[in-house]
Amino acid sequence: MNTIHIHAQPFDFSFDIAHTALIIIDMQRDFVEPGGFGASLGNDVSLLQAIVPTVQRVLHAWRKVGGFVVHTREAHKADLSDCPPAKLNRGAPMLRIGDVGPMGRVLIRGEPGHAIISELTPIEGEVVIDKPGKGAFYATALREYLEAMAITHIILMGVTTEVCVQTTMREANDRGYDCLLIEDGTESYFPEFKAAALAMIRAQGAIVGWTAPSASLLSALPLSQPVTN
Ligand code: TIU
């Protein structure tokens, strides 16, 4: 047991790399690039692009210390059989899930928009979870992967803070995992929602979990030299 302690809110977060997963939520072209699902909902995707270097830096550092990595992607089967009408018909987006856009069919597995952005491409040994919902535990094998690796702690990054990231963090918290969200490794299309999500996660004595800047994590990892992108 080699416990690392990092400065976090509302109090220090302690973990052992061997039992901690880094989970990167939905850093896909469909959310981060123009012409995808995020943009079809009327959002400005440039806000999300700004965190890419930070997410990349933490990912590279986590790989260097031999940590377990999970990437998730939100998407549906081509026949939409895993997309409930309540999700498909919600609101008045420019393009609905399954419609053809500049990056192929929106939010459909295997289409160009489904891909994780090139800066964060998964490497061999990393798990990629395709999820039909906002939470990464719903209708996926994530729990089984975490149990197989004896994971007890989760470090989260990705998008969007108050939708898929927060939903996954709440799901994980209810399943008994201690979770830390990297503050500058997550973003929302709505800065005020990001701020509110961070505040509600760590309120009431870490009711959902902890938050910390990437610098806190990076400075505590046993790296022989600083990680550059
Ligand atoms: N990945 C994720 O957060 N899915 C969303 O639909 N987020 C929005 O903020 N719309």
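Index from 1, following the sequence. Whatever order the structure lists ligands and atoms in, that order sets their numbers, starting from 1.
- Considering every non-hydrogen atom in both A172 and C179, the closest pair reads CB-SG, 3.5 Å.
- Aromatic ring centres of H153 and F13 lie closer together than 6.0 Å.
- Through side-chain heavy atoms spaced under 4.5 Å, either directly or across other Ile, Leu, Val, Met, Phe, Trp or Tyr residues, I201 is tied to I23, I25, F68, V70, V127, I129, F137, L142, Y145, L146, M149, I151, I154, L156, V165, M169, Y177, L181, L198, I207, V208.
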For a distance cut-off of 3.5 Å, show me each N or O of ligand 1 paired with any protein N or O, plus the separation.
residue  : atom  : partner : partner atom : Å
ligand 1 : 1 (N) : D26     : OD2          : 2.7
ligand 1 : 1 (N) : V159    : O            : 3.2
ligand 1 : 3 (O) : T160    : N            : 2.9
ligand 1 : 3 (O) : T160    : OG1          : 3.1
ligand 1 : 3 (O) : C164    : N            : 3.1
ligand 1 : 4 (N) : E74     : OE1          : 2.9
ligand 1 : 6 (O) : K134    : NZ           : 2.9
ligand 1 : 7 (N) : T160    : OG1          : 3.4
ligand 1 : 9 (O) : T160    : OG1          : 2.8

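- Within the structure, side chain to side chain donor-acceptor pair (under 3.5 Å) contacts touching residues 30-43 (residues at least two apart or in different chains) are R29-E33.
- Annotation: E147, atom CD; neighbour count of heavy atoms from other residues, nucleotides and ligands within 6.0 Å is above 12.
- The salt bridge (charged side-chain N to carboxylate O under 4.0 Å, His left out) search around D178 returns none, not counting sequence neighbours.
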